[in-house]
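See below for the structure under consideration.
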Amino acid sequence: MPRPFPWEVGGLAGYLVKRISLLVPVLLGISLVVFLLIHLIPGNPAQAILGTSATPAQIARLDQALGLNKPIWLQFADYLGRVLHGNLGESISEYQSVASLVAYALPNTVELAVVALVLAVVIAVPLGVASAVWRNSPFDFAAMAFAQLGISMPVFWLGTLFVEFFALDLHLFPTFGIGPPVGQAFAALAQGNVGPMGSLVSHAMLPALTLGLTGAAIVSRMVRTAMIEALGQDYVRTARAKGATSGRVVWRHALRNAMLVVVTVVGLQFGYFLGGAVIIESIFAWPGIGRLTVNAILARDFPLVQGCVLVIAALFAFVNLLVDVSYAVLNPKIRYQ
Amino acid sequence: MVAVVIVGSVLAPYIAPYSPYRMDILNQLAPPSPRHLLGTDNFGRDILTRILYGGRVSLVVGFSSVLLAGVIGTTLGLLASYFGGVVDTLIMRVTDIVLSFPVILLALALVAVLGPSVQDIILALGLGFWASYARLVRAAGLEVRTEQYVEAARAVGNGHLRIMLRYMLPNILGPILVMATLGVGSAIVAEASLSFLGLGVQPPTASWGAMIADGLRFFLQGPDLSTFPGIAIMWTVLGFNLLGDGLSDYLNPKINRWRRSVPDEEESPDAAQVPVH
């Protein structure tokens with residue numbers, strides 16, 4: 001009998017191969033959408049980029065430079081080839097390659113999203129667990145009212161309030177800009193110098209808290225639901241019957257099983273933070289890819305817009321993949337479907 | 001809550017104390033007073049008036065973009081679940097691709113190329129939001145497709161279109177309605193976000209997001225400029241969220257109130273949708 005292909009095998013390996021191979025059409029589709037963006041511009045894109053004062057010669061030159069005078073499928077093939085070589089084109093407004101601008105901004109956004117994620121988990125997990133344990137108590141109602149408000153609150157308004165509050169009344173955290181690079185801060189910390197790390201954390205605090213609080217609102221609701229479900233399961237009853245303390249039951253038995261939901265939700269939140277970062281970074285002048293995108297749009301710098309959108313969407317797709325994979329690792333039921 | 005917003009916006013020309021564009025140069029950035037109940041902005045325009053008028057933009061964009069997204073998503077979801085096979089695979093692949101963009105990013109990119117008019121914002125948000133409806137409708141459609149009444153409808157010789165619209169759609173309308181109600185809130189936040197970034201409805205038209213952006217710009221002179229538009233957005237979104245929750249409880253009385261918000265292991269016809277900010 002011939003050896004089966006990996007995707008014919010059940011179990012984790014088969015699932016992983018299947019799920020990862022799904023990423024290819026998605027990434028192709030993302031690049032197609034991003035490529036087509038520039039063709040959605042009403043009229044001649046080169047004219048739109050250069051403005052109404054452009055001469056026909058300038059337009060013809062930009063057409064040539066962007067390859068807009070070739071058949072569309074050839075343009076897409078060219079585009080795909082360039083992207084695969086890491087060439088995202090030249091920014092019109094910044095006179096630099098799009099790839100270098102994105103490479104500078106992306107780590108800043110990831111840093112922001114990671115800090116926001118940590119804050120969201122630190123706030124949401126205890127809140128959700130406590131709400132589930134003291135279900136229908138005043139604490140539960142207060143916590144869930146907070147969550148409902150947090151979900152309904154536009155993230156940019158929360159950011160605006162933070163800026164106003166901290167800049168006017170409390171001078172606790174800086175309200176704009178970014179601290180030293182992460183690498184430098186860690187290097188200084190290793191030498192016993194706390195300053196750069198402090199500056200890094202304090203600069204990240206407000207934007208991350210803005211993102212993290214809205215995330216915490218969503219995550220705490222999910223944690224509560226998952227915990228209520230877990231606390232009602234037989235194995236929790238068994239553990240209680242065997243005389244485990246209630247703290248042990250909650251943290252060791254129930255939370256461990258509720259973690260499945262938590263991991264999924266937290267992973268998805270990370271993806272949403274990438275979208276939220278687009279707005280938050282503009283408020284706090286955080287030099288990440290979100291602010292880069294917005295500035296590129298305002299400057300009508302379409303190659304830069306394309307590059308940013310492509311990178312964010314690809315990252316989003318990749319995070320979704322990681323979420324699905326970790327879910328499959330944690331939950332054997334998924335793999336055999 | 002939702003009713004207050006709708007009545008306030010529809011009746012804006014009758015109940016607003018001023019014109020949304022009337023400038024009171026001597027009263028710029030004034031705090032709330034009997035003359036201007038919620039104060040004035042940097043041009044001396046009445047904030048209460050502009051909130052009432054801004055609500056019209058929010059509601060029009062919210063409802064229209066959800067309608068657009070719902071129609072596209074429902075049509076594709078029905079086609080995918082009814083025909084299955086290649087049609088299904090093709091539609092779901094496209095859906096996957098659209099879902100790999102954060103909605104706000106896709107809307108931003110579309111507005112960037114289309115332009116920031118109300119129609120283009122509606123189009124951009126509609127194109128950003130339809131994929132979740134397609135998923136939901138497909139999952140629900142797959143469940144009802146094998147029901148006996150659908151089989152019976154087919155057996156007596158109904159056409160494809162008639163089966164989909166007369167027999168399948170009415171039976172999956174509930175979750176679609178819930179998702180649409182929650183979706184209005186998300187769309188309003190998305191519109192406000194675009195306006196906040198200066199990429200939405202253009203001044204001098206009143207828009208809640210742009211008013212908050214003004215508040216951020218002039219917060220030293222008028223610290224509460226952004227407070228009231230912010231409350232307006234939160235009130236409206238909270239209203240639609242609670243309405244959606246209530247609708248879902250009404251349609252699904254067996255399910256515990258908070259149970260809905262857990263993502264099910266596989267796609268399920270449950271409108272558990274978290275607002276995307």
Side-chain angles (χ1 to χ4, degrees), chain A residues 22 25-26 29-30 32-34 37-38 40-42 48 144 148-149 151-157 160-161 163-164 167-168 214 218 221-222 224-226 228-229 261 264-265 268 271-272 274-276 278-279 282-283 293-294 297-298 300 302 305 309 312-314 316-317 320 331 333-334 337, chain B residues 93-94 96-106 108-115 185 188-189 192-193 196-199 208-209 212-213 215-216 219-220 223-227 229-231 233-242 245 256 258-263 265-266 274-277:
Chain A
L22 269 182
V26 166
I30 289 173
L32 182 63
V33 170
V34 170
L37 266 182
I38 202 162
L40 280 175
I41 304 175
M144 287 306 110
Q148 185 64 263
L149 279 183
I151 289 173
S152 305
M153 191 163 195
V155 62
F156 60 89
W157 185 43
T160 303
L161 291 181
V163 169
E164 296 182 356
L168 275 182
T214 26
I218 297 167
R221 279 177 67 156
M222 311 267 177
R224 178 184 182 275
T225 315
I228 288 178
E229 195 152 336
V261 172
T264 318
V265 174
L268 290 177
Y272 290 133
L274 290 176
V278 173
I279 298 152
S282 297
I283 300 179
T293 314
V294 172
I297 292 174
L298 291 171
R300 304 190 71 72
F302 288 104
V305 175
V309 173
I312 298 178
F316 194 60
N320 284 344
N331 184 3
K333 265 193 285 181
I334 286 286
Q337 278 173 355
Chain B
R93 280 300 88 80
V94 176
D96 283 345
I97 290 164
V98 175
L99 283 176
S100 359
F101 290 89
V103 173
I104 190 75
L105 184 71
L106 196 58
L108 262 179
L110 285 170
V111 167
V113 292
L114 294 173
I188 287 176
V189 170
S193 309
F196 177 80
L197 294 171
L199 295 163
W208 293 343
I212 294 183
L216 186 59
F219 75 93
L220 283 175
D224 34 46
L225 207 54
S226 64
T227 311
I231 292 174
I233 299 178
M234 197 158 101
W235 173 276
T236 311
V237 175
L238 190 61
F240 279 105
N241 283 352
L242 294 176
D245 281 356
N256 171 306
W258 301 104
R259 165 77 177 79
R260 261 168 305 93
S261 37
V262 177
E265 287 169 9
E266 274 297 282
V274 174
V276 181
H277 293 292

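The analysis underlying the following values was restricted to heavy atoms, covering all of them including side chains, and did not include hydrogens, waters or symmetry mates. Chain naming here is simple, since letters A, B, ... match the order of the sequence lines and numbering starts at 1 in each.
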Where does B:L108 contact chain A at under 4.5 Å (heavy atoms): side chain, backbone, both or neither? both
B:F196, part contacting chain A, at a heavy-atom distance under 4.5 Å: side chain
Please check: side-chain N/O of A:W157 versus main-chain N/O of B:S226, any donor-acceptor pairing under 3.5 Å?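 Answer holds: yes.
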Could you report the tightest heavy-atom contact between [X] and [Y], atom names first, then the distance?
X      : Y      : value
B:L105 : A:V278 : CD1-CG2, 4.3 Å
A:P154 : B:I233 : CG-CG2, 3.3 Å
B:L99  : A:F316 : O-CE2, 3.4 Å
A:F156 : B:A192 : CZ-CB, 3.5 Å
A:F302 : B:V113 : CE2-CG1, 3.5 Å
B:L238 : A:S152 : CD1-OG, 3.1 Å

Please classify the contact between [X] and chain B as side chain, backbone, both or neither, with a heavy-atom cut-off of under 4.5 Å.
X      : result
A:V33  : side chain
A:S282 : side chain
A:L22  : side chain

Starting at [atom1] of [X], measure out to [atom2] of [Y] and round the result to the nearest 0.5 Å.
X      : Y      : atom1 : atom2 : answer
B:I212 : A:L161 : CD1   : CG    : 8.0 Å
B:I104 : A:I279 : CD1   : CD1   : 4.5 Å
B:L106 : A:I30  : CG    : CD1   : 10.5 Å

Can you tell if the side chain of B:L199 reaches within under 4.5 Å of the side chain of A:L298, non-hydrogen atoms only?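 Yes - at least one pair of side-chain heavy atoms lies under 4.5 Å apart.
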Contact winner vs chain B - A:L37, A:V305, A:T293, A:V34, heavy-atom pairs under 4.5 Å: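 Option with the greatest count: A:L37.
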